[in-house]
Protein chains: 2
Amino acid sequence: MAKPTVHDIAREAGVSLSTVDRVLNGRADVRPKNAERVKAAVERLGYVRDTHAANLAKQRRYKFVFVLPEGPNHFVETIVAAVREAGYAQASDRVDVAIMPVNAGDPHAIVARLQTLDLHSLDGVAIMVPETPQVRDAIAHIREAGIHVVAFVSDLPNSKCDHFVGIDNFSAGQTAGALLGKFLRNETGSILVVTNSMVARDSIERRYGMDEVVSRDFPRLRALPTIEFYDDPQRIRETLAHALTAHPDLKAVYSMGSGNAVMLDALRDNADVKDLVVIAHDLTAVTRQGLTDGEIDAVIAQNVGHLVRSALRVMRAKCDATVIFEAQEQIRIEIILRENLY
Amino acid sequence: MAKPTVHDIAREAGVSLSTVDRVLNGRADVRPKNAERVKAAVERLGYVRDTHAANLAKQRRYKFVFVLPEGPNHFVETIVAAVREAGYAQASDRVDVAIMPVNAGDPHAIVARLQTLDLHSLDGVAIMVPETPQVRDAIAHIREAGIHVVAFVSDLPNSKCDHFVGIDNFSAGQTAGALLGKFLRNETGSILVVTNSMVARDSIERRYGMDEVVSRDFPRLRALPTIEFYDDPQRIRETLAHALTAHPDLKAVYSMGSGNAVMLDALRDNADVKDLVVIAHDLTAVTRQGLTDGEIDAVIAQNVGHLVRSALRVMRAKCDATVIFEAQEQIRIEIILRENLY
DNA sequence: TTGTAGGCGTTATCAC
DNA sequence: GTGATAACGCCTACAA
């Protein structure tokens with residue numbers, strides 16, 4: 001009645017422990033007849049391996065690294081916090097997690113940092129950087145060393161990664177489009193679209209997604225060309241002021257990426273801007289406050305805790321060559337209002 | 001450099017393994033002087049117990065039961081599926097999970113079923129039933145046997161549970177209210193509120209939450225008295241037809257509980273009902289289809305996978321007397337549109 | 001190709 | 001009070 005162990009299998013199959021082990025782990029040749037008997041016994045008794053006991057015996061510890069953009073960024077900060085927490089929580093689970101900050105804006109710097117990774121003592125890397133040919137090559141090199149690589153938050157579609165952990169930004173943009181359309185149900189007007197930089201593929205995909213839904217389902221709304229403000233408060237302020245006069249029918253602002261603080265500041269400065277629908281991405285200290293104060297109507301977010309834990313689970317599954325429960329690893333596109341802010 | 005073990009502690013403290021164990025687990029009296037030395041060594045070497053090795057040695061298996069409403073119910077079905085999946089996934093983690101279906105409508109039947117639980121071979125129970133005095137007493141009895149009890153999905157505020165795993169239905173109602181208000185941004189009119197039964201405290205709390213937000217933030221909207229249709233398609237159809245004539249300013253339908261299929265059918269039958277905002281709770285086959293078809297504008301949901309895994313983690317933590325990471329166990333109130341439907 | 005013996009980090013059972 | 005010693009379920013030499 002108790003869970004069967006390798007001993008039970010061995011007895012049931014009339015062979016020794018090591019033979020059972022060999023067929024279970026495909027280590028060496030076993031006479032077909034014996035292999036069959038073992039498999040039959042496994043089947044009959046419903047044996048499932050105790051992975052913890054196995055890891056204990058193997059003295060295995062998983063070593064994972066998160067490669068994250070450095071520098072001040074509210075969203076990345078929430079990720080760093082989540083990684084730390086997860087690392088702490090998993091320490092007793094035989095996994096060590098470290099953070100490697102990189103200058104995400106400089107492809108060469110990224111590669112240089114990636115090359116400092118100790119490929120011998122490493123099991124997996126979760127990488128959150130923009131994809132460039134250099135990065136792609138560096139990743140190929142890491143994978144050749146037998147290390148598992150997951151694209152984290154930003155997909156790396158042209159690189160050979162084991163997995164992508166993050167949301168589909170096209171769908172996130174569609175979600176934004178749908179919210180804009182539903183929030184402006186019977187209204188006509190234009191939508192200001194801002195982001196810090198369209199270099200990030202995230203913003204591009206969100207823009208496409210939003211455009212698709214707005215133009216198809218809500219043609220009475222018009223999304224204006226994307227305004228980029230390269231970390232320049234002055235620029236966005238002026239642009240916003242200009243947009244207001246240029247588009248008296250402005251009904252909404254859609255902030256696709258980082259720079260929400262600047263955007264909100266600018267909105268506040270233009271005191272005549274009232275009753276605009278404001279939608280932003282990512283739950284940070286800034287957007288959280290924006291929701292609470294009623295300055296932001298909705299935030300489209302991904303749960304960073306899930307993001308990190310999913311990356312960890314996926315890397316472990318890859319290491320153990322076990323299957324992933326896709327449903328659990330699907331990162332949700334969340335919609336947050338003040339009322340369901342947690 | 002490697003993780004210190006009890007052996008290291010013993011050597012460092014100049015005592016035996018057993019003494020270390022006694023100090024670590026407070027089993028028997030140890031001479032204060034030795035206890036101090038052990039504690040100091042633990043501190044110095046940064047020892048943390050390997051819980052998996054411990055569980056292995058203890059031969060511990062966790063036995064958990066989910067007590068769930070039986071009978072046809074789309075939402076419960078999704079939970080059952082999630083429990084099965086989680087049970088399968090955790091089988092190798094030394095946890096056995098079983099499902100006990102109960103006739104949730106009959107307090108005496110619930111108690112009768114609960115009494116069939118084998119309190120000797122059980123570690124924890126997750127209970128999803130309406131709270132009644134009988135249920136409360138039965139739970140007290142289970143807890144007295146040293147078994148951990150978590151209220152699951154529906155809170156049991158007057159019972160002595162270890163924890164509640166689920167969303168705050170008042171907040172869920174507030175979220176619905178906010179969505180209604182934002183979807184009907186500049187409109188005036190009334191909102192039809194339906195549910196299968198207001199006996200469930202979930203519906204009551206959602207109603208309160210919705211009312212609060214609507215009356216405070218969107219006074220131009222008026223939420224009509226709750227209509228209950230006890231699994232009676234005919235009733236809701238007639239009621240809806242009646243409501244339409246009685247309230248020509250009807251702008252939205254808010255379905256607070258189960259019975260979404262019936263509600264949608266009725267909406268379809270009243271073909272003259274067009275352009276109503278429809279908000280429902282819980283992601284099931286029905287609401288999923290409703291979203292896809294554009295019949296439902298938004299669904300307010302709780303992720304059943306998280307619900308189940310959280311309950312499991314909490315019960316384990318209670319068994320091991322370890323701390324819970326509150327942030328991880330917080331169940332989100334999710335807002336699902338067609339675009340972020342997964 | 002197969003089996004035996006020992007160890008992984010912890011707990012449990014004995015004697016001392 | 002204390003300390004050997006043998007489990008727990010699995011893996012890995014090494015020997016046969």
Side-chain angles (χ1 to χ4, degrees), chain A residues 1-39 41-42 45-62 90-96 319-322, chain B residues 1-39 41-42 45-62 90-96 319-322:
Chain A
M1 213 64 301
K3 281 254 146 182
T5 74
V6 276
H7 290 89
D8 300 319
I9 304 293
R11 190 168 359 90
E12 181 84 6
V15 297
S16 78
L17 249 38
S18 20
T19 301
V20 173
D21 180 65
R22 282 190 265 267
V23 347
L24 251 35
N25 298 299
R27 283 189 218 292
D29 284 341
V30 170
R31 203 181 324 228
K33 184 183 161 186
N34 278 340
E36 276 317 312
R37 302 185 61 168
V38 170
K39 284 180 191 158
V42 165
L45 302 186
Y47 168 82
V48 293
R49 162 209 261 95
D50 182 330
T51 46
H52 295 302
N55 283 157
L56 175 60
K58 277 193 281 207
Q59 290 211 92
R60 191 162 191 359
R61 283 196 71 82
Y62 302 87
Q90 305 247 333
S92 66
D93 255 20
R94 322 192 93 74
V95 353
D96 295 324
C319 287
D320 297 345
T322 57
Chain B
M1 210 65 300
K3 284 249 148 188
T5 74
V6 274
H7 290 89
D8 299 318
I9 304 293
R11 189 166 0 90
E12 181 84 5
V15 296
S16 77
L17 243 42
S18 337
T19 300
V20 173
D21 180 63
R22 285 191 262 265
V23 174
L24 254 34
N25 297 300
R27 282 187 218 293
D29 283 341
V30 170
R31 205 180 327 228
K33 183 183 163 186
N34 278 340
E36 276 317 311
R37 301 185 61 169
V38 170
K39 284 179 190 158
V42 165
L45 303 185
Y47 167 82
V48 294
R49 164 204 264 100
D50 183 329
T51 45
H52 296 304
N55 282 157
L56 175 60
K58 277 193 283 208
Q59 289 213 92
R60 189 159 189 6
R61 284 196 70 82
Y62 304 87
Q90 304 247 330
S92 66
D93 255 17
R94 323 188 93 73
V95 354
D96 295 325
C319 288
D320 297 346
T322 58

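Every chain is numbered from 1, with letters handed out A, B, ... down the list of sequences.
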Using a 4.0 Å cut-off to any heavy atom of chain B, which nucleotides of DNA chain D are the first and last in contact, reading 5' to 3'? D:dG1 to D:dG9
Under 4.0 angstrom, heavy atoms only, what part of the nucleic acid is B:Val6 near: base, sugar-phosphate, or nothing? base
Within residues 9-26 of chain B: residues closer than 4.0 Å to DNA chain C (heavy atoms): B:Asp21, B:Asn25
Taking the side chain as C-beta and beyond, is there a heavy-atom pair between A:Glu36 and A:Lys33 under 4.5 Å? no
A:Tyr62 six-ring centre to A:Arg60 NZ/CZ under 6.0 Å and within 45° of normal: yes
First encountered from the 5' end of DNA chain D, between A:Ala53 and A:Arg27: A:Ala53
Does B:Asn55 reach a base, just sugar-phosphate, or nothing at all? Heavy atoms under 4.0 Å. nothing
Check the phosphate of C:dT10 against B:Arg60, side-chain N and O only, distance under 4.0 Å to OP1 or OP2. Yes or no? no
Partner set under side chain to side chain contact (heavy atoms under 4.5 Å, CB included) for B:Arg61, not counting sequence neighbours: A:Lys3, B:Arg94, B:Asp96
Decide yes or no for A:Glu12 and A:Leu45: does some side-chain heavy atom of the first lie under 4.5 Å from some side-chain heavy atom of the second? yes
Establish, with yes or no, whether the OP1 or OP2 oxygen of C:dG9 is under 4.0 angstrom from a side-chain nitrogen or oxygen of A:Gln59. yes
Starting from P on C:dT2, measure out to CG on A:Asp29 and report it in whole angstrom. 9 Å
Contact summary for A:Leu56 and B:Asp50, nearest pair of heavy atoms: CD1-OD2, 4.4 Å
Smallest separation among heavy atoms of A:Leu17 and A:Ala10, with atom names: CD1-CB, 3.8 Å
Any non-hydrogen side-chain atom of B:Thr51 less than 4.5 Å from a side-chain atom of B:Asp320? no
Go through the steps for B:Asn25 and B:Arg49 under the test side chain to side chain contact (heavy atoms under 4.5 Å, CB included), then give the verdict. CA-CA 11 Å; B:Asn25 297 300; B:Arg49 164 204 264 100; 2.3 Å; yes
Would you say the side chain of A:Leu24 lies within less than 4.5 Å of the side chain of A:Val42, judging by non-hydrogen atoms? yes
Interatomic distance, B:Asp50 CG vs C:dC8 P [rounded to whole Å]: 13 Å
C:dC8 P sits how many Å from B:His7 NE2, rounded? 7 Å
Once you apply a heavy-atom cut-off of 4.0 Å, does A:His52 come out as touching a base, just sugar-phosphate, or nothing? nothing
